[in-house]
Amino acid sequence: MSRFRPNLVIRGGAPFQEDGWLGRTIQIGETAKFRVDGACSRCSMITIEQQTGRQDQLPPKQSLPALLRKHRPNQPKGQGIDQSPEFGLHLTPLNPSVISVNDPVRVI
């Protein structure tokens with residue numbers, strides 16, 4: 001997970017359920033609201049082992065593009081999956097608030 005440098009990590013839920021959140025608003029905890037602005041494109045930096053600086057040598061079937069093609073079969077090849085895989089979301093805070101570990105997350 002550290003390779004992705006996330007600000008927030010949500011535990012639980014169905015795999016890739018966040019794909020349905022684009023354009024929606026999510027609430028974290030009692031009051032924090034965020035607009036889901038878009039998917040986060042990923043570059044090859046996520047394939048670099050941070051401690052050693054070595055790039056992963058995964059078989060093609062285990063690469064991030066291969067994983068995403070399996071879970072997003074309707075996205076045409078060449079539209080992000082192979083060039084810049086989308087993994088994660090860009091959020092914009094809608095109100096000043098405090099969030100805490102284990103706060104519930106819901107789409108509103």
Side-chain angles (χ1 to χ4, degrees):
M1 185 61 68
S2 67
R3 292 183 187 197
F4 291 93
R5 302 173 311 281
N7 292 317
L8 298 171
V9 177
I10 298 172
R11 180 178 40 211
F16 298 96
Q17 80 178 42
E18 69 274 12
D19 287 353
W21 296 357
L22 297 175
R24 313 260 321 258
T25 299
I26 63 169
Q27 180 172 323
I28 301 175
E30 295 297 318
T31 60
K33 293 180 181 173
F34 297 84
R35 182 180 62 235
V36 182
D37 289 326
C40 184
S41 305
R42 298 299 178 163
C43 67
S44 63
M45 290 303 292
I46 60 171
T47 66
I48 306 293
E49 172 56 51
Q50 294 179 2
Q51 280 69 35
T52 64
R54 285 184 281 218
Q55 188 164 14
D56 291 338
Q57 299 300 316
L58 293 174
K61 289 184 178 183
Q62 294 178 5
S63 68
L64 182 58
L67 172 70
L68 293 177
R69 272 194 299 277
K70 178 180 175 186
H71 291 283
R72 296 177 181 149
N74 296 327
Q75 186 172 0
K77 191 173 181 178
Q79 290 190 357
I81 285 186
D82 293 300
Q83 284 76 29
S84 296
E86 294 176 343
F87 196 79
L89 298 172
H90 290 289
L91 304 178
T92 298
L94 298 176
N95 62 311
S97 192
V98 174
I99 60 174
S100 300
V101 174
N102 295 322
D103 274 352
V105 176
R106 64 187 181 106
V107 178
I108 56 174

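One-based numbering along the sequence shown.
Side-chain contact check for Ile26 versus Leu89: every heavy-atom pair is 4.5 Å or farther apart.
Hydrophobic clustering, with ILVMFWY side chains joined whenever heavy atoms are under 4.5 angstrom apart, keeps Leu94 apart from Val107.
Of all heavy-atom pairs spanning Ala32 and Ile99, the tightest one is CB-CG2, 3.4 Å.
The OG1 atom of Thr92 sits 4.5 Å away from the CZ atom of Arg35 when rounded to the nearest 0.5 Å.
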*Let me see the working for Trp21 and Val105 under side-chain contact (heavy atoms from CB on, under 4.5 Å), right down to the final yes or no.*
CA-CA 12 Å; Trp21 296 357; Val105 176; 4.2 Å; yes
*From CA spacing to verdict: side-chain contact (heavy atoms from CB on, under 4.5 Å), Leu91, Asn7*: CA-CA 10 Å; Leu91 304 178; Asn7 292 317; over 6 Å; no
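Among residue pairs with one or both ends in residues 97-108, those qualifying as side chain to side chain donor-acceptor pair (under 3.5 Å) are Arg11-Asn102, Gln27-Arg106, Thr31-Ser97; sequence neighbours excluded.
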